[in-house]
2 protein chains.
Amino acid sequence: MELSDRKKKILAAVVEQYIKTGEPVGSKSLLEYQPMSLSSATVRNEMAELSSMGLLEQPHTSAGRIPSHKGYRYYVDNLMGRTELDEKVRKHIENAVSEKSGDADSLLSRAGEVLANITNCAAVSAATVGESAVIKRIEMVPVGTRTAMLVLLTSTGILKSKICRADSEITPSLSESFYNVTSAALVGRPLCDVNLATMQTLAASVGCDAFAMLSLLAGVTELARDASQVDVRLDGQSNLLNYVELEQNAYELMEFLRKGEPLGDIVTLNKNDLDVLIGKENKYRQLEHSSVIMARYSVKNQDGGTIGLIGPTRIDYAKLIPSVKYLTDLVGRILTKALEED
Amino acid sequence: MELSDRKKKILAAVVEQYIKTGEPVGSKSLLEYQPMSLSSATVRNEMAELSSMGLLEQPHTSAGRIPSHKGYRYYVDNLMGRTELDEKVRKHIENAVSEKSGDADSLLSRAGEVLANITNCAAVSAATVGESAVIKRIEMVPVGTRTAMLVLLTSTGILKSKICRADSEITPSLSESFYNVTSAALVGRPLCDVNLATMQTLAASVGCDAFAMLSLLAGVTELARDASQVDVRLDGQSNLLNYVELEQNAYELMEFLRKGEPLGDIVTLNKNDLDVLIGKENKYRQLEHSSVIMARYSVKNQDGGTIGLIGPTRIDYAKLIPSVKYLTDLVGRILTKALEED
DNA sequence: GTTAGCACTCGGTATATGTGAGTGCTAACT
DNA sequence: AGTTAGCACTCACATATACCGAGTGCTAAC
């Protein structure tokens, strides 16, 4: 879709004014906001054309125009000038996500928190689950006569743990055979290979302790399943309650966010460096009045994960996109550095 | 405060009708709902007295009455007949919180979920932190050349873990001295003894590895702090968005619930078998339109923790209190059984 | 002590009316 | 041909007015 320069200028002005004020933008008020050597009548004609092209919408006949999701899309793709990241915001981000912040998990937590804070939106983050992930290590730490903590570490650095109750006492000999069995049969195997069926044959092979072993191995199976699922961190959901345009469906939206699966679905859609999904572009109905901005970070030049935000469609794209981008890059750098030191 | 039988009957009817309909209750409509051999004028007189006693309120002069928080309180303490738990609900609870559900943590999670579901409120749960808790065990599982997972187990059964980055490589000799140091100096000590100052002297004592040791011990300190803090699980917050009386302050309420500390504060208030806090009785302003129902469960005849719910003041106390009670008792029984087997 | 009766209150709904920011269209003007 | 002044028209929103009805408190009679 090719637009004349004048149309571009008008569309951009409409989007920006609407983002700022939240009110439908009329031809006359547009000229106040963005003076041009044009009469309102001309603007009106142009706006009418932009409407028929599907880039602008009218809430009702005698109101001003608001951008349609296609309008936002055109703006984001072609018109938006990315504003420089505000110095204060940058400092804020850097402060929250400092290098000393230990492991990847807590770094992502921090990143989500700060993003939710500075943007007043909900923040999501998720580390990519490598399909090629193999089990690097399995540990069992007994924490009672019949309970133990199982720890599973993958080659991609994902760490999961879980308390597990065995069906009988965890004797030193059971510990030993658990160690033997897992290191012989599981370490080095891809996560998807771990399932209850293989566990059963494995457990059977140890003989007398088979029954207790099975419950432990079942725990390992659950861990492996956990480790191969995206887990999405979510922050600042309640921020979304402040937007009038979202509050009519507040409950639905919150419930949607609470459930992990659809969110996991969304972040895995983020294949590019930066993705923006506007309103109805989202495949989930619950997000039809929301926009999602997601960016990937990479660790050692490999795909690391996604950090993004969810807000109303009427959101300051020009300002927030650089924030998300800056944060993901920073997280990527920090994790890369941590990995190199390791 | 002593009330005549007739006043009691009228108060109970007002509370029950208001809980059911959500509309202020007038003298005439009350008689429809609860036929009595009285005229509406008499009811009116009684209501006026109940109002002046502070048990009923009028939203505006010419409207019906609604219970004040004192009115609810009187109802809950003196008038309410506890209804039997619905068979379906009981089955639902039992199903969700079955014995096989592993460790205490996940059991509480499940309990919170089911409670939020059946009550349509927010559910909270928290295990009591024993002040007498001492460190039972500390484990370190290396998960990288410089990172390790620290695991801390207390005598009260609380288990915490954390990833920790050491300042230098984690050599077998470091692991060994970590094991020696912690088992000699920390195991058996109460949680509150663990602080950075003592860690520094401890670290210094190991000689050459002091620096790396310190970062590990700092991790242990954090774990100990974690373990001695109540951690409150929260479920079904979004359920509260469905109540009109709460939705004006939805954002505030959600933010309040999101923050852990005030919630921790609230559950630790639950000293009795069953506590109900109604509206303004809550010390937090954010809950002035909410009621909190909390019950304790015990494990092996010792205080185990609290499970409760947060809803609007206009809530079916007679129905929900038994649900909470049943759930806590069940959880207590299951945990006791699990502990005995252990 | 109870109740019928009555004047009064007041939120909610309905109706009319005006206001103003917006529109589209046409005809005149560069 | 593109631009613009002008104009009739639209429609959400605000304000005023009236009315309804479920509620009240109070009084006087039962």
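Throughout, a chain's letter reflects where its sequence line sits, starting with A, and its residues are numbered from 1.
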Proximity to the side chain of H60(A) - top-ranked nucleotide from dT3(D), dC11(D), dG23(D): dC11(D)
Neighbour count above 12 (heavy atom, 6.0 Å) for Q248(A) CD: yes
More than 12 heavy atoms of other groups within 6.0 Å of K8(B) NZ: yes
Test log, rule side-chain contact (heavy atoms from CB on, under 4.5 Å), inputs L287(B) and E281(B): CA-CA 9 Å; L287(B) 294 180; E281(B) 289 173 7; over 6 Å; no
Any residue of residues 40-58 of chain B with a heavy atom less than 4.0 Å from an atom of DNA chain D: R44(B), M47(B), A48(B), Q58(B)
Overall bend - the helix from dG1(C)-dC30(D) to dT30(C)-dA1(D), comparing terminal axes fitted on five pairs, nearest 10 degrees: 20°
Any S27(A) side-chain N or O less than 4.0 Å from OP1/OP2 of dG22(C): no
Any S62(A) side-chain N or O less than 4.0 Å from OP1/OP2 of dT10(D): no
Any T61(B) side-chain N or O less than 4.0 Å from OP1/OP2 of dT9(C): no
Enclosure of K7(B) NZ (heavy-atom neighbours >12, cutoff 6.0 Å): yes
Side-chain donor-acceptor pair present, N120(A), Y243(A), cut-off under 3.5 Å: no
Rounded distance in Å - CD (E23(A)) to P (dA21(C)): 12 Å
Rounded interatomic separation in angstrom, taking CG from L31(A) and C1' from dA21(C): 14 Å
Qualifying residue, where the test is ring pair (Phe, Tyr, Trp, His ring centres under 6.0 Å) with Y317(A) and the options are Y72(A), Y18(A), Y74(A): Y72(A)
Between dA4(C) (P) and K28(B) (NZ): distance, integer Å: 11 Å
Qualifying residue for side-chain contact (heavy atoms from CB on, under 4.5 Å) with I118(A), from V89(A), L320(A), L327(A): V89(A)
N/O (side chain, R65(A)) to phosphate O (OP1/OP2, dT23(C)) under 4.0 Å: yes
Whether over 12 other heavy atoms sit under 6.0 Å from K325(B) NZ: yes
Crowding at CZ, R82(B) (>12 non-hydrogen neighbours, <6.0 Å): no
